[in-house]
Amino acid sequence: MKRPTMLYPLFLLALALGLHRHQIVADLGIPYSEAWHLKLGLGWLYDFCVSLIALGFSYFFWGLLRLPRLWGWLPLALVAFFASFGNTVYLRFFGNRLDFWIVKLHLGDIFHVGGSVEEMGSTWPLVLSVFVFGGAIFSAWRWSRANHDLRPRAWYLSHLTRVAAGVGFVCVALLLRQSPIWFKAAGHSPQSVGNVVNQQILVLWYDDLMGWQGANDIHNVFRARRKAGTTDIMADAQNMRRSIQALAEYRDFSEKGFKYDPERSSAREQLLREFSPEPTETLALRKRLGMPEEGNLNVLVLFLESVRSFEFDHPEIGRKLMPRMHRIFDEHGIRFKTAYTSSFNAGQTVRGQFMSLCSMLDNLRGPSVYIFYATLGIQCAQGYFKDNGYETAWFNSYDRTFHNKALFESLHGMNLFFDGPYFESLGITDKIANWGLPDKPVLQTSLKKIEELTAPGNKPLFAHLLTITTHHPFYPIAEGPVPQELLKFAPKKRGFYGYLSRLKYTDDAVADFVAAFFKSPVSDNTVLLIAGDHSTPERPDFPLTPVQLAEMEFRVLMSFVGKKVQPAVLTHPVHQVDITPTLAAIAGFPSRNAWIGQSLFAKEGRPWLYLKEDHLAYRTATRGCYPSPGASGLNCYDLKGKDPLYQTNLRQVPENREHTRFFDRVVMATSQAIELNLIEKELDGSGFATSAAAPERR
């Protein structure tokens, strides 16, 4: 048998990491020639550097502590492999890299998302990488057991040689790590360095821990300022003022005649304001929804897990897959056909619910508000209705503590919680999916509880409910048979076919709920809004353009439903942040808040914007701008009279740099206002936060 050598674990680990990189290139759908232009070679080099450092650690601890070579090599090798594997799977699902803050805050999620990891990690490159890594461990074990002593005259020379070899390997790896600087100096385009094709996730995590990511990581920037003390934060008062002004301008944004001047001062720069719906607007909205013109109304928001617009509105899929909901919306719905979310990162549901209920963009550059900023001073729909004498209730068949939901909701006005144990105590114990309990019995039971809470003599009710059966992973379920004629779009396999199966089940579950709701007296004075909480990255089995793929990931279902609703389909773009101001306008109560949304029924909803990696995307009423891999700018299109979700004959137009600068500022401003808890603070003339804050919560 050949003598074991250090080269086997070195190159096998690098090969396993290289297979992960191959999967990333395949998921991007770009040829290897384009991947090479994006410096795929640098990625392979970085993978080799990490493998070399693991080998260096092995030699170093072998010589310094006489630790067996396997145990010096294995820890870093395990971290490198699983970090790279996790990054690849996360990138496959979200299209974003797995930043270290996600690992820190969502590590416990691994016990909840095992099914999703199994599905996303079942491709041949990822499965093969597991076997290759197993071979690397086996070869490292054999190498560790072999007698490789150099046997010099003095024992200490042997140890010094090993330590020196270990340090040498690490130094060589670190020198190779600096090669992107040389490549950049040689004239290579800047966008080709630092993208998902060539990044090494372990290196990025190390930079994150050392605080070397600078302005690209807003979470680190403000965390460092917090540690430095209040003085350093207050020294940036001018920047704080501009952030609040940017959010206020986003709230009041109108595409027509827009001019962005970040230097100017504005009377509108205070985000916190008095909100008082016009009585005529409230009356008109109530008439349109078929609600009583006077008195308090109950308000229900039914969030549909991962339900997007693409399948529902697709001309060949929608009415065949979800006929009952189509009939409800046609006869009893006011549908917002072009509704957007900005939720597409770790904690998707709580991001979507935060934007919908609190009328504020979530932290697009870092952790979600529910999870990391639960004490944020902001008035949400729960608090708004509670302050006006309502009972507030939360319905979800999963654990109320997951992703900090119970804490955030309690601090922002939620009184009653009905989660999995509650429904199980009523006899709902069967499961048909990985998450929670089946939606059909849960929704029917929730309606009975709502009827109990809204009985005569009780307070009016605000509640939001969440379905769960459409949560990833999407494998087919018997309760959701996919119509035979749709198999041409989705062969019988997990993935898109499974997603269609879940949507079919949701169609029946929601339709049954609405039918029972209409029969109940509670529907006579209850506003019901049905809305998707976020979209999903699941792709259909037919080709789509890059613009369609981007739109598909951010378009969600949204409709008011009622027995006496005047049905309509509204096509102007709206955003989740527009939901709560609309509910408040229907209710008619004044409030002091910092909401950035406008009414869903206004002629111009709030623009959609999102940051994927460091690439901005946004859409106004007439123009959409999307990033392109390897491109330095944005690809923008004229959307007047067109729906980019389905129409492909879009005319490309020049990028409006003022729009781009403004929306980039809004993204940064949102993160700063959340991180520094400025949303409901008033600023004096110099930009310093004063003691005046949001109304005290009751």
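Just so it is clear, the structure is predicted and the values come from calculations on it, not from any experiment.
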Are [X] and [Y] close enough that their ring centers fall under 6.0 Å?
X      : Y      : value
Phe554 : Tyr340 : no
His615 : Tyr626 : no
His22  : Trp124 : yes
Phe329 : Phe312 : yes

Please walk me through it: do Arg606 and Gln598 pass side chain to side chain contact (heavy atoms under 4.5 Å, CB included)?
-> CA-CA 7 Å; Arg606 295 309 82 203; Gln598 300 284 2; 3.3 Å; yes
Is it the case that [X] and [Y] place a side-chain donor and acceptor less than 3.5 Å from each other?
X      : Y      : value
Ser343 : Gln348 : no
His575 : Ser342 : yes
Glu655 : Thr660 : yes
Asp47  : Gln200 : yes
Arg651 : Tyr637 : no
Asp362 : Ser368 : no

Heavy-atom pair with the smallest gap, counting every atom of [X] and [Y]:
X      : Y      : result
Gln576 : Asp533 : NE2-O, 2.9 Å
Ala621 : Pro573 : CA-CG, 4.1 Å
Val561 : Val514 : CG1-CG1, 4.0 Å
Gly333 : Ser559 : CA-OG, 3.9 Å
Glu331 : Pro567 : O-CG, 3.8 Å
Pro540 : Arg308 : CD-NH2, 4.4 Å

Can you name the salt bridge (Lys or Arg N to Asp or Glu O under 4.0 Å) partners of Glu316, sequence neighbours left out?
-> Lys488
With sequence neighbours excluded, tell me which residues meet salt bridge (Lys or Arg N to Asp or Glu O under 4.0 Å) with Glu538.
->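 Result, salt bridge (Lys or Arg N to Asp or Glu O under 4.0 Å) vs Glu538: none returned.
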Return the [atom1] to [atom2] distance between [X] and [Y], rounded to the nearest 0.5 Å.
X      : Y      : atom1 : atom2 : answer
Gln548 : Arg555 : CD    : CZ    : 10.5 Å
Phe253 : Glu604 : CZ    : CD    : 6.5 Å
Phe474 : Phe496 : CZ    : CZ    : 10.5 Å
Leu17  : Asn87  : CG    : CG    : 11.0 Å
Ile328 : Met322 : CD1   : CE    : 10.0 Å
His471 : Thr536 : NE2   : OG1   : 9.5 Å

Can you confirm whether [X] sits close enough to [Y] that some side-chain heavy atom of one is under 4.5 Å from a side-chain heavy atom of the other?
X      : Y      : value
Lys320 : Glu485 : yes
Val350 : Phe402 : no
Phe336 : Leu557 : no
Arg623 : Val653 : yes
Leu361 : Leu609 : yes
Ile674 : Thr670 : yes
Trp595 : Cys358 : no
Leu500 : Leu321 : yes

Under 4.0 Å between a Lys/Arg side-chain N and an Asp/Glu carboxylate O for Asp578 and Arg251?
-> no
Is Asp330 paired with Arg319 through a side-chain N to carboxylate O contact shorter than 4.0 Å?
-> yes
Using the six-membered ring wherever Trp is involved, compare the ring planes of Phe310 and Tyr646 and label them parallel, tilted or perpendicular (cut-offs 30° and 60°).
-> parallel
Mutual orientation of the aromatic rings belonging to His314 and Phe542 [parallel < 30°, tilted 30-60°, perpendicular > 60°] |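 It falls in the tilted class, 30° to 60°.
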Decide side chain to side chain contact (heavy atoms under 4.5 Å, CB included) for Val307 and Val556; before the verdict, give the C-alpha distance in whole Å, the side-chain angles of both, and the deciding distance to 0.1 Å.
-> CA-CA 6 Å; Val307 176; Val556 292; over 6 Å; no
Can you run down the side chain to side chain donor-acceptor pair (under 3.5 Å) pairs that involve residues 499-511, sequence neighbours left out, and say none if there aren't any?
->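 As it turns out, the side chain to side chain donor-acceptor pair (under 3.5 Å) pairs with a partner in residues 499-511, which skip direct neighbours, are Arg324-Asp508.
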[X] side chain to [Y] backbone, donor-acceptor under 3.5 Å:
X      : Y      : result
Thr580 : Ser356 : yes
Ser84  : Ala80  : no
Arg351 : Asn363 : yes
Ser397 : Leu437 : yes
His20  : Leu15  : no
Tyr497 : Phe489 : no
Tyr46  : Gly41  : no
Asp439 : Thr469 : yes
Gln647 : Asp643 : yes
Thr622 : Lys640 : no

Lys642 and Asn649: side chain to side chain contact (heavy atoms under 4.5 Å, CB included), yes or no, with the steps?
-> CA-CA 9 Å; Lys642 293 186 178 295; Asn649 57 333; 3.5 Å; yes
More than 12 heavy atoms of other groups within 6.0 Å of Gln484 CD = no
What do the steps show when you test Arg335 against Leu570 for side chain to side chain contact (heavy atoms under 4.5 Å, CB included), and what is the final call?
-> CA-CA 6 Å; Arg335 172 87 193 286; Leu570 305 180; over 6 Å; no
Among Val666, Val667, Leu611, Leu634, side-chain contact (heavy atoms from CB on, under 4.5 Å) partner for Tyr618 = Leu634
What do the steps show when you test Thr620 against Glu255 for side-chain hydrogen bond (donor to acceptor under 3.5 Å, both in side chains), and what is the final call?
-> CA-CA 7 Å; Thr620 63; Glu255 190 173 11; 2.8 Å; yes
Per side-chain hydrogen bond (donor to acceptor under 3.5 Å, both in side chains), His534 is matched among Asn345, Thr341, Thr349 by Thr349
